[in-house]
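Contents: one structure, followed by commentary.
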Amino acid sequence: MPLRIYNTLTRTKENFEPVHPGKVGMYLCGPTVYKPAHIGHMVGPVIFDTVKRYLTYSGYDVTWIVNITDVDDKLINKARDLGRDVTDLAKEMTEDYFDNLQLMGVDTIDRFPYATEHIPEMLDMISRLIEKGHAYPLNGDVYFRTESDDDYGKLSGRSISEVLAGTRVEANDAKENPADFALWKSSKAGEPAWDSPWGPGRPGWHIECSAMSGKYLGDTFDIHGGGLDLLFPHHENELAQSECCTGKPFAKYWLHNGLMQASGQAGKVGGQHDRHGDTAPADATADQAAQMANKLAGSAGAESVKTAVFSKHHPETVRFFLLATHYRSPIDFSDERIAEVGKSLDTLYRLIETYERITGQNFYDLQVSTTRELSAPLDGQPAELFAELKLLRDRYLDCMDDDFNTGGAVGVLFDLRKTINGFINSTKLEAEGKSDATNVTALTSAMTLLKELAGLLGVFHKPIETTGGGDNELANGLMELLISLRATCRKEKNFVIADQIRDGLTALNITLEDRPDGTGWRRD
RNA sequence: GGCGCCGUGGCCAAGUGGCUAAGGCAACGGAUUGCAAAUCCGUCAUCCCCGGUUCGAAUCCGGGCGGCGCCUCCA
């Protein structure tokens with residue numbers, strides 16, 4: 001099954017064929033670094049990190065670029081409000097962004113170009129647009145001439161007149177057409193400014209992405225990603241200015257992820273949407289509230305992801321939570337939901353522990369294939385087990401081939417867990433241990449497959465610190481003592497004392513597990 | 001008003017023309033256990049409503065009801 005991708009540009013799923021055989025260029029619109037990242041900022045990176053992992057696994061040489069917007073109105077205003085230097089603030093927030101990406105396991109981005117380091121490229125682009133009649137200077141600003149672009153609106157599916165119909169009338173605007181947008185903005189005193197042929201100023205919102213994607217990926221590249229909220233106007237304008245400038249197609253596939261929402265966080269308010277209207281002021285307020293009800297902004301989820309999310313949930317759980325739903329669907333931020341996903345993940349961690357106990361091997365040391373071509377043949381013994389493994393791998397890859405259906409793939413992971421646990425149960429591997437070489441080898445193959453497939457989602461690359469035994473010698477020593485005391489009690493059928501020990505530990509969020517080969521414990 | 005998305009078991013969520021409608025959480029029954037924990041086995045949905053197309057629809061078309069996004073430099 002060939003890889004198929006839903007392309008916003010054509011509104012259909014298409015077979016994926018890169019511009020240059022074997023190579024893929026990918027661009028994702030990054031953050032404006034003016035405040036700490038919230039969980040919504042992590043959605044795109046996690047999704048496209050997974051996309052890159054899968055493309056790489058499928059044999060492509062992928063280059064992935066994410067820009068850092070370090071000059072922008074929001075940033076300038078924020079710095080002014082805080083009485084801080086723009087550059088300092090941007091630097092601090094960029095570090096915060098990088099920290100969070102690292103925690104989320106997003107480590108496949110090849111380059112983070114900064115807007116402020118690409119002003120010459122932007123100026124060059126603007127000049128070329130003016131030369132071609134696609135842009136015009138106006139009082140120190142430069143605007144893109146939307147009417148000069150016959151294709152304008154093809155990405156978001158709206159015509160210029162439709163755009164205008166939904167736009168508030170900007171009374172004092174001297175632009176040729178209200179739909180024209182700024183490529184260059186003249187700066188006021190005290191604002192960051194760069195010299196330009198049109199006077200000191202700074203770039204418009206969209207031009208940086210056009211300039212930087214072109215510089216690092218070429219005029220025409222494969223995949224352009226971003227949140228659905230950027231479809232219009234940002235991506236539409238980016239596309240227009242790039243294609244008008246180069247005369248070539250811009251991105252071949254446009255991927256848009258659904259947005260994180262906050263149902264139940266802000267409370268719902270009834271009311272109809274009516275932007276045109278004749279509604280009374282009182283209704284307008286209710287209308288606004290209704291529109292805000294599901295926004296992440298203003299909800300608990302909009303707080304810094306570090307304080308609001310990572311304080312309660314392991315980043316790997318959060319990543320799994322984001323990938324359990326298809327990337328084009330909206331997803332509700334909910335602590336309960338994330339915790340639920342955490343429980344399901346725990347069953348996989350327990351399987352990993354069981355494997356390590358049986359074999360004495362470290363799961364995270366297992367060597368997995370990094371490409372589909374080299375994935376293990378899965379033709380060992382027992383044959384029934386391997387036939388099942390093959391089936392599961394095919395199902396998993398079919399899901400991923402179908403527009404990166406990570407939700408379906410996650411389901412296969414749990415089926416794989418069930419298959420492996422069933423195998424361990426039926427062969428009594430826990431009790432037999434290493435003595436059964438064939439079954440241990442088979443188990444290792446199965447676990448290697450689990451690691452390979454989970455790895456494509458960016459999880460199970462390294463151990464997480466919170467499960468399993470203790471983190472210090474004292475705790476381990478005490479637990480050893482209690483477990484051996486309890487073992488003695490059980491041997492002497494003194495179940496009252498034995499259960500007193502176990503119940504007491506339960507109250508301390510420590511769970512005991514009596515297994516065939518002894519008693520284990522974990523903190524919940 | 002324009003453009004677009006969605007409505008699958010108690011909750012979350014795959015599946016978008018045809019094998020028994022994935023999987024997770026919760027619940028219930030059984031195996032196992034001294035009892036538990038963990039694990040395994042089993043139970044739990046005619047897919048918002050109406051109509052149409054088709055040999056056959058959760059899946060396509062029309063209508064209705066309900067939820068939501070963008071058109072505001074929110075990722």
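Each chain gets a letter, A, B and so on, in the order the sequences are listed, and its residues count up from 1.
- Proximity of A:Tyr34 to the phosphate of B:A75: a side-chain N or O atom is located under 4.0 Å from OP1 or OP2.
- Residues forming a side-chain hydrogen bond (donor to acceptor under 3.5 Å, both in side chains) with A:Gln102 (at least two apart in sequence, or on another chain): none.
- Taking atom C1' in both B:U20 and B:G42, the straight-line distance is 15 Å, to the nearest Å.
- Both distances falling under 3.5 Å, in either a Watson-Crick or a G-U wobble arrangement, place B:U43 opposite B:A27.
- In this structure, the side chains of A:Asp332 and A:Arg337 stay at 4.5 Å or more apart for every pair of heavy atoms.
- The residue A:Arg158 sits close to a base: some heavy atom pair falls under 4.0 Å.
- Screening A:Leu453, A:Val412, A:Leu397 for a side chain to side chain contact (heavy atoms under 4.5 Å, CB included) with A:Leu392, the sole residue that qualifies is A:Val412.
- Distance noted for atom C1' between B:G9 and B:G24: 13 Å (whole Å).
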So which protein N/O to nucleotides 30-34 of chain B N/O distances come out below 3.5 Å?
residue : atom : partner  : partner atom : Å
B:G34   : O6   : A:Arg490 : NE           : 3.1
B:G34   : N1   : A:Asp499 : OD1          : 2.9
B:G34   : N2   : A:Asp499 : OD1          : 3.4
B:G34   : N2   : A:Asp499 : OD2          : 2.4

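- Remark: the separation of the P atoms in B:C11 and B:U46 is 14 Å, to the nearest Å.
- A straight line from CG of A:Asn421 to C1' of B:C41 spans 13 Å, rounded to a whole angstrom.
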Side-chain donor-acceptor pairs under 3.5 Å in residues 495-511 of chain A, sequence neighbours left out?
residue  : atom : partner  : partner atom : Å
A:Thr506 : OG1  : A:Arg502 : O            : 2.9
A:Thr511 : OG1  : A:Asp524 : OD2          : 2.3

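- Remark: A:Lys306 engages A:Asp96, A:Asp99 in a salt bridge (charged side-chain N to carboxylate O under 4.0 Å, His left out) (not counting sequence neighbours).
- Map A:Gly30 and A:Glu513 each onto its nearest nucleotide of RNA chain B; the residue landing nearer the 5' end is A:Glu513.
- Among the atoms of the strands shown, none is found under 4.0 Å from any heavy atom of A:Leu228.
- Pair assignment for B:G17: none, as no Watson-Crick or G-U wobble contacts are both less than 3.5 Å.
- Partner assigned to B:A22 is none, using Watson-Crick or G-U wobble distances below 3.5 angstrom.
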Cut-off 3.5 Å, no hydrogens considered: what does the side-chain donor-acceptor table look like for residues 32-42 of chain A, sequence neighbours left out?
residue : atom : partner : partner atom : Å
A:His38 : ND1  : A:His41 : ND1          : 3.4
A:His41 : ND1  : A:His38 : N            : 2.9
A:His41 : ND1  : A:His38 : O            : 3.4

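- Separating the CG atom of A:Asp517 from the P atom of B:A38 is a distance of 17 Å, rounded to the nearest angstrom.
- Applying the side-chain hydrogen bond (donor to acceptor under 3.5 Å, both in side chains) criterion to A:Glu480, with sequence neighbours excluded, gives no partner residue.
- With a cut-off of 3.5 Å on both Watson-Crick or G-U wobble distances, the partner of B:C70 is given as B:G2.
- Atom P of nucleotide B:C74 and atom CD of A:Glu303 are separated by 19 Å, given to the nearest angstrom.
- The nearest heavy atom of RNA chain B to A:Gly422 and to A:Ser156 marks one nucleotide each, and the one closer to the 5' end goes with A:Ser156.
- Atom CG of A:Leu231 is separated from atom C1' of B:C3 by 10 Å (rounded to the nearest Å).
- Comparing B:G10 with B:C35, their C1' atoms sit 30 Å apart, to the nearest whole Å.
- B:A38 is unpaired under the Watson-Crick or G-U wobble criterion, no partner having all donor-acceptor distances under 3.5 Å.
- Among the atoms of the strands shown, none is found under 4.0 Å from any heavy atom of A:Thr32.
- Here the side chain of A:Thr511 is nearest to one of B:A75, B:A37, B:C73, namely B:A37.
- As a whole-Å value, the separation of A:Gln261 CD from B:G7 C1' is 14 Å.
- The nearest whole Å value for the distance from the OH atom in A:Tyr349 to the P atom in B:A37 is 23 Å.
- Taking A:Asp415 as the reference, A:Arg395 meet the side-chain hydrogen bond (donor to acceptor under 3.5 Å, both in side chains) condition, with sequence neighbours excluded.
- A close approach under 4.0 Å does occur between a side-chain nitrogen or oxygen of A:Arg350 and OP1 or OP2 of B:U39.
- Considering only side-chain atoms of A:Arg417, the nucleotide from B:G24, B:A75, B:A37 that sits closest is B:G24.
- You'll find the ring centres of A:Phe460 and A:Tyr349 inside the 6.0 Å limit.
- The CD-P distance, from A:Glu236 to B:U72, rounds to 13 Å in whole Å.
- The separation of B:U53 from B:A58, taken at their P atoms, amounts to 16 Å, rounded to a whole angstrom.
- Aromatic ring orientation, A:Phe363 versus A:Tyr355: perpendicular (interplanar angle above 60°, classes split at 30° and 60°).
- Among the protein residues, A:Leu259 comes within range of the nucleic acid bases, having at least one heavy atom under 4.0 Å from a base atom.
- With sequence neighbours left out, A:Phe48 forms a ring-ring contact (aromatic ring centres under 6.0 Å, His included) with no residue at all.
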Write out a two-atom table: protein N or O, nucleotide N or O from nucleotides 13-15 of chain B, distance below 3.5 Å.
residue : atom : partner  : partner atom : Å
B:A14   : OP1  : A:His326 : N            : 2.7
B:A14   : O3'  : A:Asn405 : OD1          : 3.4
B:A14   : O3'  : A:Asn405 : ND2          : 2.8
B:A14   : O2'  : A:Asn405 : ND2          : 3.4
B:G15   : OP1  : A:Asn405 : ND2          : 2.9

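- Atom OH of A:Tyr6 and atom C1' of B:C6 are 13 Å apart (whole Å).
- When the P atom is compared between B:A38 and B:A26, the two are found 9 Å apart, to the nearest whole Å.
- The nucleotide whose nearest atom lies closest to any side-chain atom of A:Arg522 is, among B:G4, B:A38, B:C12, B:A38.
- Contacts of A:Ser426 with the nucleic acid, taken as non-hydrogen atoms under 4.0 Å apart, are absent.
- With B:C70, B:G23, B:C11 as the choices, the nucleotide that has an atom nearest any side-chain atom of A:Phe414 turns out to be B:G23.
- Close to B:A26, at under 4.0 Å from its OP1 or OP2, lies a side-chain N or O of A:Lys343.
- Taking the six-membered ring for Trp and the full ring otherwise, the centers of A:Phe404 and A:Tyr6 sit at least 6.0 Å from each other.
- If you look at A:His256 and A:His235, their ring centroids are closer than 6.0 Å.
- Nucleic acid contact class of A:Asp415 (heavy atoms, under 4.0 Å, all strands): sugar-phosphate only.
- Taking atom C1' on both B:C25 and B:A14, the two are 15 Å apart, rounded to the nearest angstrom.
- Residue A:Lys491 is classed as having no contact, given no heavy-atom separation below 4.0 Å to the nucleic acid.
- Taking atom P in both B:G52 and B:C12, the straight-line distance is 32 Å, to the nearest Å.
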